[in-house]
Q: 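Shown below is the structure under consideration.
Note that these values count all heavy atoms, side chains included, but never hydrogens, waters or copies made by symmetry.
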2 protein chains.
Amino acid sequence: MRTPRNQSSKRKRAAASIRDVAKRARVSIATVSRVVNRISSVDPELAKRVWKAVDEIGYLPNTQARALVSGRSRILGLIVSEITNPFFPELVQEFENLAVAQGYEVMIGSTNYDPARTELLVRRMLQRNVDGVAVMTFGIEEELVQRLVESEFPLVFVDAGPDLPNIRILKVNYEEGIRQAVQHLAALGHRSMAFITGPLHLRSAVARRDAFVKSMKELGLTAPAGFIVTGTHTMEGGIAAMERMLALPELPTAVLCSNDMTAIGVLHGLYRTTHSVPQEISVVGFDDIHLAQFMLPPLTTVQMSCRDLADAAVEALRAGVETDHRKATQKEWPIPTRLVVRQSTAFPRGTLPALVQKTGRNKSGKNPK
Amino acid sequence: MRTPRNQSSKRKRAAASIRDVAKRARVSIATVSRVVNRISSVDPELAKRVWKAVDEIGYLPNTQARALVSGRSRILGLIVSEITNPFFPELVQEFENLAVAQGYEVMIGSTNYDPARTELLVRRMLQRNVDGVAVMTFGIEEELVQRLVESEFPLVFVDAGPDLPNIRILKVNYEEGIRQAVQHLAALGHRSMAFITGPLHLRSAVARRDAFVKSMKELGLTAPAGFIVTGTHTMEGGIAAMERMLALPELPTAVLCSNDMTAIGVLHGLYRTTHSVPQEISVVGFDDIHLAQFMLPPLTTVQMSCRDLADAAVEALRAGVETDHRKATQKEWPIPTRLVVRQSTAFPRGTLPALVQKTGRNKSGKNPK
DNA sequence: TGTATTCAGGAAAGCGCTTTCCACGGGCAG
DNA sequence: CTGCCCGTGGAAAGCGCTTTCCTGAATACA
């Protein structure tokens, strides 16, 4: 460290520092800092000189130094479960756009459902001194709560979380959308509906299943044993679950899925076994990922808007970061869900046979020649 | 800054610092640093005391301070074009796994094809003093090259980049896989093949198109005008391109796409217009994203392995970061591609009409009896 | 026993920056 | 003319850490 910078053994050419700017503009580093950070009370003449110097030597303030001294990193953490589930990239993108617009940087991490990885992730966020973290894994891993919660960072959880002053909750209204889906199917004539859940250690997966059961009950319907199958929120899980269901003595006329990836798997499973959707079996997803509308047939699904989620998360975090102390207003942020009807749902076969023949792939139902 | 930390106005409880550990273990901070960084020559007895103190107060070294003083951030940057194209999350995941295993952190950024965003991204990476950056946008945005290249960070580009000592290139062998695809189709009897490109400002999109044209030529075939349509590497682009193609007086019997998202769009477009795949038209994708095998029908595609790409990128970066100076060995890293045959390709209608009728959805397609 | 050699570990410098404190000078009222 | 206030900008502290330098003790050798 005692070695002068210019002949240091470091590979990289030393970047311009605030001192270089100060020297060039013939002012003190304090003034440079004031100018760069747009703090008032600097002579316009001086300021101009400083900006000129900044441009000339391409000065970029060092983030680490800044964070170190100011105690604020201007980073928001975002923890998701799995970046390869298309829902999450969409969420990440929305979150990032909003955060960047607010001048924050985003530090993304995926847990991959691995406690060790999660632990590492949390530690790194802590070490980086993030300004706040949104934990959007849709099922809190308790091990990560611990350290993060203790840290007293502003935190956002989905669905549920410890009741603490630094914590905000995004309350997703699963029931709303799922009830719409069940009612939509019932209105089409379906009585025999099945549900493929997500992994049941996820709070959100349980909530979705429960919403399904409740909505059925409201209509006086019950899903028989075997009609509620556990999946994994992946396409593979959807296929496997569908296979199990196809082995049942009697089949449902409609299958609701805990997320769109599962539904895509179901579509694939039914295709493999030459069952037609929606003629033989209707399929409903959950999430409304971008992909859903491009499936064959386009997927009827319950929309949980990434935009809403990201909006609320960033806002809640910002509230926690910027308003002094946690006296803050809102602790819970409601997130709506709603059904989006496309072509993977139709009258169950047998209800209106004549019609069913014609309802089919043709989106508009226009005369199959 | 003069205020003592405990009564500071900061919201967060001050995290434990190296000094706290030193005090508790009754050693100097230098010793704590040595122990924590596993630098030799510390008495085991002392070390034990230090570790005990670390555990007791939950000490985590501050990353910013560390980076500031050591000049190394242990962050690798990864720039992709669009996180919502499923190819990239897969790449990100692989890259991250490898980087984390090597003790690096990953800073992800997507340009969204927006120069301003790209500029911001690059600036942030520079400011954070990343150890190296992999630019995996598959088509270099020149504006970012500039600053990044000047910075003399170790850099990885795909396909092409400035010939500088700090730069490594991942040379993807597009021709290999695309030739296999064209030959596969030709072997099935296709003569009339079309190609839907990506956005032509992407180097890689041009390379793929050229590989197609070249492979055709090798077989004595030419794609007539109108059979090479420009897409956008998105599903929407695939649909639009397919629509344009369907308006042509004569249709190709096979369509190759510059990426899988385009192919998914094509599948959807053909479904909407009740053309059957592969009976009427064969479709081939590029990338082999995870989704491809779950499409209806499962997509025949050219595989460009994320794993290979990520592997090479991390290795090349590590080589640049860790071996002193850029005398380093390898400048170019070859990435192979290969055809994966699934069910979206078959004999063209008319070639073997009897067969074609039966070859169909059944996955195996084997011996139509 | 005396001198040379090694080694463990403490003191302190300083990474690049923000922010506090203070000095200085000009303007204004008494 | 003196005293005071205020606005501007410099000096310097210090964020949390790594690393160099150096001291003092322990060991080896003559």
Q: Of the options C/dT20, C/dC17, C/dG16, whose atoms approach the side-chain atoms of A/Arg34 most closely?
A: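 From the listed options, C/dT20 comes nearest.
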Q: Round to the nearest Å and state the distance from B/Arg66 atom CZ to C/dG16 atom C1'.
A: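 For the pair B/Arg66 CZ and C/dG16 C1', the rounded distance is 19 Å.
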Q: Quick one: A/Ile18 CD1 to D/dA11 C1', roughly how many Å, whole number?
A: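 These atoms are roughly 14 Å apart.
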Q: Taking DNA chain D as the partner, which of residues 42-54 of chain B come within under 4.0 angstrom of it by heavy atom?
A: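 Listed by number, there are none.
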Q: What is the distance, rounded to the nearest whole Å, between atom CG of A/Asn129 and atom P of C/dC17?
A: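 So the two atoms are 18 Å apart, to the nearest Å.
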Q: Output the rounded distance in Å from CG (B/Leu68) to P (C/dC17).
A: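 After rounding, the gap between these two atoms is 9 Å.
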Q: A/Asn85: what forms a side chain to side chain contact (heavy atoms under 4.5 Å, CB included) with it, not counting sequence neighbours?
A: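 Testing A/Asn85 for side chain to side chain contact (heavy atoms under 4.5 Å, CB included), a comparison that skips the adjacent residues, returns A/Glu82, A/Phe87, A/Phe88, A/Asn259, A/Met261.
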Q: When the distance from CG of B/Asn37 to C1' of D/dG16 is rounded to whole Å, what number comes out?
A: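 Taking atom C1' of D/dG16 as the reference, CG of B/Asn37 is at 13 Å.
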Q: Hey, can you pull the residues of residues 23-33 of chain A with a non-hydrogen atom under 4.0 angstrom from DNA chain D?
A: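 Those residues whose heavy atoms fall under 4.0 Å from DNA chain D, taken from residues 23-33 of chain A in numerical order, are A/Val27, A/Ser28, A/Ala30, A/Thr31.
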Q: To the nearest Å, how far apart are A/Ile57 CD1 and C/dG16 P?
A: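 After rounding, the gap between these two atoms is 12 Å.
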Q: Closer than 4.0 angstrom, basic N to acidic O: yes or no for B/Glu105 and A/Arg124?
A: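 Looking at B/Glu105 and A/Arg124, the cut-off is met.
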Q: Taking only Lys NZ, Arg NE, NH1 and NH2, and the carboxylate oxygens of Asp or Glu, determine whether B/Arg318 and B/Glu315 approach each other closer than 4.0 Å.
A: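 Between B/Glu315 and B/Arg318 there is a salt bridge, with a charged N closer than 4.0 Å to a carboxylate O.
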Q: Please give, in whole Å, the distance from D/dG16 P to B/Leu60 CG?
A: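 To the nearest whole Å, that distance equals 14 Å.
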Q: Quick one: do A/Glu119 and A/Arg123 make a salt bridge, cutoff under 4.0 Å?
A: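 Looking at A/Arg123 together with A/Glu119, the answer is yes, because their closest N to O distance falls below 4.0 Å.
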Q: Among B/Asp131, B/Val100, B/Val130, which residue meets the side-chain contact (heavy atoms from CB on, under 4.5 Å) test with B/Leu76?
A: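 Going through B/Asp131, B/Val100, B/Val130 one by one, the side-chain contact (heavy atoms from CB on, under 4.5 Å) with B/Leu76 is satisfied by B/Asp131 alone.
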Q: Check this for me: does any side-chain nitrogen of one of B/Asp159 and B/Lys171 sit under 4.0 Å from a carboxylate oxygen of the other?
A: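 Salt bridge: no.
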Q: Of all the heavy-atom pairs spanning A/Ser81 and A/Ser110, show the shortest one and how long it is.
A: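 The pair with the smallest heavy-atom distance is O-CB, 3.8 Å.
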Q: Quickly work out the A/Asp20 CG to C/dG16 P distance and round it to whole Å.
A: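 Going from CG in A/Asp20 over to P in C/dG16 covers 9 Å.
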Q: If you measure from the Lys or Arg side-chain nitrogens to the Asp or Glu carboxylate oxygens, is any gap between A/Glu56 and A/Arg24 under 4.0 Å?
A: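 Yes, this pair counts.
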Q: Show your reasoning for whether side-chain contact (heavy atoms from CB on, under 4.5 Å) applies to B/Val135 and B/Val156.
A: CA-CA 6 Å; B/Val135 183; B/Val156 165; over 6 Å; no
